[in-house]
Trainee: 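Below is the structure I would like to discuss, written out as structure tokens.
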Amino acid sequence: MWKSMFYKEWIKIRLVFWLSLAIGAIAILGIYLNVRHSFIIANAHEFWDGIINKMYIYFNLFKFIPLGIGVIIGLAQFIPEVKQRRIKLTLHLPLNEEKAGLKMVIFGVICLVALYLTLFALLIFPGRYYFPYEVIALSASTVIPWFSAGLAAYFLTGMITIEPLWKYKVFYALLAFSFVHLFFQSPIAGAYKYAWLPFLGIILLMSMSILFSIYRFRKGEM
Amino acid sequence: MENIVECRNLTHYYGNKMVYEDLNFNIKKGSILGLLGKNGTGKTTTINILNGYLTPRSGECIILGENSKNLSPYVKSQIGYLIENHVQYAFMNIYQIEKFYSGFYPNWKREAYYDLMAKLKVTPKQKISTMSCGQRSQVALGLILAQDPELLVLDDFTMGLDPGYRRLFIDYLRNYAKAEGKTVFTTSHIIQDMERLIDECIVFDYNKVLVYMPVKEFMSTFKQFNFEVTNPDVEFEKGGLVENYEKIDSTIELYTYSRANEVESYLASLGIAYSNFREVPMTLEDAFIGLTGKY
Amino acid sequence: MAAAIIILSNVIPTIYRTLFKVPGQYPSIYYSLLKDEFFTSTYDYELSIQTIKNSKGEVIPEDEFHKACPIENSFFLIKKGEFPDSISGMKIDVEKFRPESDYASIRSSFMSMPSYRLFPLMDSKTALRFPHDVCRIGKKRVEFILAETNKVDEEKSEIFTRIFNNENFNYPAKLMAGIPTVMKPYDNGWFITDSKDLFYHMKMENGKPYLKKIETPEGFKVKYVSPSTIESRSIHAYVISEENKLYILSSLDYGLIELPVYDYNPEKHYSLMFRKTPYFTKVDFSSFNQRKIYVLDRNYKLLNKFEKENKPYSELSVGKAFATLFPFNLRFGENHHSYIKFVFNGYNNFSWIVASVIFVLLNVFFIIRKKRRFKNNILDLVLIAATGIFGFIAVNLFPNKEY
């Protein structure tokens, strides 16, 4: 059953999945081409100075990419379910409704995490070639909130998409916007050192949000 | 015979608008029940309650021994469900959707599905979303046949089908159900061809049930009499002998469960002058329209 | 739901604070050495009018102010040819007071801040030039990493490590304070503390390392160092200790001079300023509702003190309404660091109970009107009672599991 469920979800998101990977990879390639270019035409130490002393984040181009990926994966997964109320088919499958919903989310999260880990590695590790360890470590801690925002956006997109009433959709969207905004509060590299764990906790709580929608569906509000 | 479905005292409202009150019906094993009614009379509501997508205001539905509010995965696997408009995962193709569903049902009958698909002029790689409504109906039916459930719940499956596909669907379904001893619950607002399929019928009107009886009994007891009246302003009281009537100029179409002589003596007792009194044979569709009115 | 309450407890109070902002007043306060008096200057940006008041609150003409504070207004006085020869019997040399003037502004948020822990070490004896490497004081040694190759300059690292080892430096460095730019009059290296809180001054002179251990009082720990670039080079830095005491690190034998300022608290006072003139030093710090200025003489003894205190937020009507409306609130930052942190604050007094009761009653009314069963909503009501407006919104935004 896991296999079948994942098969369906994969059919829905595979295009978007590869697209996300491509966009992320191209952005990272662009970032490092720019670094290389700066090293050649300007001075390496000036570039370092920008990062170390002037709060310059050399991969700022990447900032909203995980967020975008979270949103489009969420849309790709849940729009086909609400179109023509196909969620009825999913909930009719011979398994517990909550499990069915959660399996969908789990698959989405697996794909998202796979994408994020790949992009994280692509973004962070090549940096070691140009920069000392400290820069790489703080860069890694800088991108964690960006990826967290993407994960949050995925859950919130799912919730907003599945929500049938426009009134609630708008409320949820406002709330989602305020929440996602919290991940982009500080332009300082590494500012989320003490906050990313509690944020992750909130995101985990939010991962259950799809259940709300399923309860409401079962009550017949959809 | 055992009942596959038992619905007791179903009552449902949308806000303050009553859909129906105290609806009772059973479906016996191996029988085909048709729930007929115009649009918006609560057919899909009933299906939703049956499938556990809607909690009724009061009353309950027992399906294969379980309350529809909390169906176990096993019982769900024994219900084949065809959604209105033959909705399926249209982003898949014929091959993918079979692969998907086969993982859920241990008794999956792959051949039943592919036999039916072979008759369609589609390629296995064609996405369901690019198929015609008729083709999609066959995909949806094929999936249900492969699932091999005890009970088939079909929500308005005739919608959008051209006459050929409708016939094909109905005949295929009836043969299958009767041969395998399956129980079928179907709704429809298109009555044409329905008598070929269903054993029993329930006719819904807005917030009430007009008929609940075997189709044969309904067809043999419900009658239409036509006659001309001299006074075109004549009105009949509904509810007693007269179930419904239509007036076309001076011709009255009168629908009743009474026999011809009873109607004639009724007319005489009211002192209505009439001529050319005759019984008109009806199809199920005629009877449905006669009963529920054209509007 | 819990997540929603957490988010709402940040979002709604933020909206409230933005809507009902308390207008801040930031007058400039001048000290007149001649009159031993403080003058307050407020500038109205709409009317482009400067109003100057003396310590009694009387509005005085600009001329009088210029004469009272000749140092701050030297520009005007010199132009008019009215600059005095001497102040309080001290001869004034216009040429001299610039090199002896200094200014340092310390925001509390600088005190704890994410850092790469790498710094550029310039040469203090040669022309100001940005180095091609960065310095790391790591777990075992000092390292210089060349930007061009991203590799450690072993030779230079070795030379510096030896000096550090000679001074019994406890690796790694904890605090590193310097001015990593060439936009300064001169370079004075970096002030560092080691893992045992010993205080050092590190420099490079003609390519050679310089490390000086700074003698500190028993138990002294450095919290923050703001290096000075005073032209006369008479002081090295302004230093804040772990106990929030303020010091001047004199360049005379690295003497650490404690200032008679004992109520500075960076968790409260978000800004701290030192303004040094040849005649006095002004220590000026402010919080949301408090402004304090200490004027110290040339030997850093107290000359005069200015204090102004407004009502704190919680006593203003907007603040009282805030405490009533919101049982608690969540912020993501504080003044004394630059990190994002979860800062919960609330349940300080009991005024929130009123609002919570109102919201509970409102929800009871909703339940009755929608003919829902109380039994299924008890948890919701408890939640509203505890979290007030946030719970109320969350409960009504998220349907609960009710069959």
Side-chain angles (χ1 to χ4, degrees), chain A residues 39 43-49 51-54 128-135 137-139 141-142 145 152 155 168 171-172 174-176 178-179 181-183 185-186 188-196 198-199 201-209 211-216 218-219 221, chain C residues 1-8 10-12 14-15 109 112-120 129-136 138 143-152 178-182 330-334 337-344 393-394 396-403:
Chain A
F39 268 55
N43 289 314
H45 70 268
E46 279 170 19
F47 201 84
W48 280 28
D49 174 43
I51 293 173
I52 295 168
N53 302 311
K54 302 199 175 76
R128 192 65 187 91
Y129 178 76
Y130 295 104
F131 307 111
Y133 162 78
E134 285 87 344
V135 170
L138 206 62
S139 299
S141 110
T142 305
F155 291 124
Y168 286 119
F171 278 142
Y172 292 171
L174 285 175
L175 213 60
S178 334
F179 185 64
H181 179 74
L182 296 179
F183 291 92
Q185 284 181 98
S186 175
I188 302 173
Y192 282 78
K193 190 178 166 188
Y194 302 107
W196 67 270
F199 268 125
I202 298 182
I203 294 171
L204 280 179
L205 285 176
M206 251 172 0
S207 65
M208 307 289 156
S209 60
L211 292 182
F212 278 114
S213 304
I214 289 172
Y215 295 148
R216 299 193 45 210
R218 305 243 305 138
K219 274 164 77 183
E221 288 187 31
Chain C
M1 186 96 90
I5 290 177
I6 295 169
I7 301 163
L8 287 169
N10 169 253
V11 172
I12 302 173
T14 304
I15 293 170
S109 57
S112 169
M113 195 168 183
S115 156
Y116 291 100
R117 313 196 63 72
L118 298 168
F119 58 91
R129 209 157 47 86
F130 212 87
H132 288 206
D133 55 16
V134 293
C135 180
R136 164 200 291 154
E143 286 174 315
F144 289 87
I145 310 139
L146 283 157
E148 215 68 58
T149 55
N150 194 20
K151 291 211 166 70
V152 175
I179 303 170
T181 166
V182 289
L330 171 66
R331 283 186 191 228
F332 288 99
E334 286 166 301
H337 58 75
S338 298
Y339 289 98
I340 303 290
K341 275 185 190 170
F342 279 67
V343 186
F344 273 100
I393 294 174
N396 286 290
L397 220 54
F398 293 92
N400 57 353
K401 187 179 182 178
E402 182 189 311
Y403 286 110

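Since we're looking at a predicted model, the values are computed, not measured.
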Trainee: Name the region of C:Ile6, side chain, backbone, both or neither, that has any atom closer than 4.5 Å to a heavy atom of chain A.
Mentor: side chain
Trainee: Just so I understand: if I count every heavy-atom pair under 4.5 Å between each of A:Gly201, A:Ala44, A:Ala191 and chain C, which residue has the most?
Mentor: A:Ala191
Trainee: Could you check whether any side-chain heavy atom of C:Ile393 comes within less than 4.5 Å of a side-chain heavy atom of A:Phe171, counting everything from C-beta outward?
Mentor: no
Trainee: Check whether C:Leu146 gets within reach of chain A through its side chain, its backbone, both or neither, counting any heavy atom under 4.5 Å.
Mentor: backbone
Trainee: Only pairs of heavy atoms separated by less than 4.5 Å count here; which of C:Pro114, C:Pro131, C:Pro120 has the most with chain A?
Mentor: C:Pro114
Trainee: C:Phe332: which residues meet the ring-ring contact (aromatic ring centres under 6.0 Å, His included) condition with it, sequence neighbours left out?
Mentor: A:Phe199, C:Phe342
Trainee: Within a strict 4.5 Å, meaning less than it, do heavy atoms of the C:Arg117 and A:Leu138 side chains meet?
Mentor: no
Trainee: What's the separation between atom OG in C:Ser112 and atom NZ in A:Lys193, rounded to the nearest 0.5 Å?
Mentor: 8.0 Å
Trainee: Counting only heavy atoms closer than 4.5 Å, note whether A:Phe47 contacts chain C via side chain, backbone, both or neither.
Mentor: neither
Trainee: Please classify the contact between C:Ile7 and chain A as side chain, backbone, both or neither, with a heavy-atom cut-off of under 4.5 Å.
Mentor: side chain
Trainee: Under 4.5 Å from any heavy atom of chain C, what part of A:Leu204 do you find: side chain, backbone, both or neither?
Mentor: neither
Trainee: More than 12 non-hydrogen atoms from neighbouring residues, nucleotides or ligands closer than 6.0 Å to OH on A:Tyr133, yes or no?
Mentor: no
Trainee: Considering only heavy atoms from C-beta outward, does the side chain of A:Pro132 approach that of C:Leu118 to under 4.5 Å?
Mentor: yes
Trainee: Answer with side chain, backbone, both or neither: which region of C:Ser115 has an atom nearer than 4.5 Å to a non-hydrogen atom of chain A?
Mentor: backbone
Trainee: Working to the nearest 0.5 angstrom, can you tell me the gap between A:Trp48 CH2 and C:Glu148 CD?
Mentor: 9.5 Å
Trainee: For residues A:Leu182 and C:Ile340, determine if any side-chain heavy atom of one lies less than 4.5 Å from a side-chain heavy atom of the other.
Mentor: no
Trainee: Looking at OG of A:Ser178 and CD1 of C:Ile12, how far apart are the two atoms once the value is rounded to the nearest 0.5 Å?
Mentor: 9.5 Å
Trainee: Heavy atoms only, distances under 4.5 angstrom: which of A:Ile203, A:Ile52, A:Ile51 has the most pairs with chain C? Name it, please.
Mentor: A:Ile52
Trainee: Less than 4.5 Å to any heavy atom of chain C: does that hold for the side chain of A:Tyr194, its backbone, both, or neither?
Mentor: both
Trainee: Which heavy-atom pair separates C:Phe130 from A:Asp49 by the least distance, and what is that distance?
Mentor: CZ-OD1, 2.9 Å
Trainee: As an exercise, state the distance from CG of C:Leu397 to CG of A:Leu174, rounded to the nearest 0.5 Å.
Mentor: 9.5 Å
Trainee: Where does A:Ile188 contact chain C at under 4.5 Å (heavy atoms): side chain, backbone, both or neither?
Mentor: side chain
Trainee: Are A:Phe179 and C:Asn10 close enough that some pair of their side-chain heavy atoms sits under 4.5 Å apart?
Mentor: no
Trainee: For A:Met206 versus C:Ala3, what's the shortest heavy-atom pair and its separation?
Mentor: CG-CB, 4.1 Å
Trainee: Considering residues at least two apart in sequence or located in another chain, which fulfil the side chain to side chain donor-acceptor pair (under 3.5 Å) criterion with A:Glu46?
Mentor: A:Asn43
Trainee: What I'd like to find out is whether the side chain of C:Asn150 reaches to under 4.5 Å of the side chain of A:Tyr129, using heavy atoms alone.
Mentor: no
Trainee: Do C:Val11 and A:Leu175 pass the side chain to side chain contact (heavy atoms under 4.5 Å, CB included) test, and can you show the C-alpha distance, the side-chain angles, and the key distance before you say yes or no?
Mentor: CA-CA 9 Å; C:Val11 172; A:Leu175 213 60; 5.5 Å; no
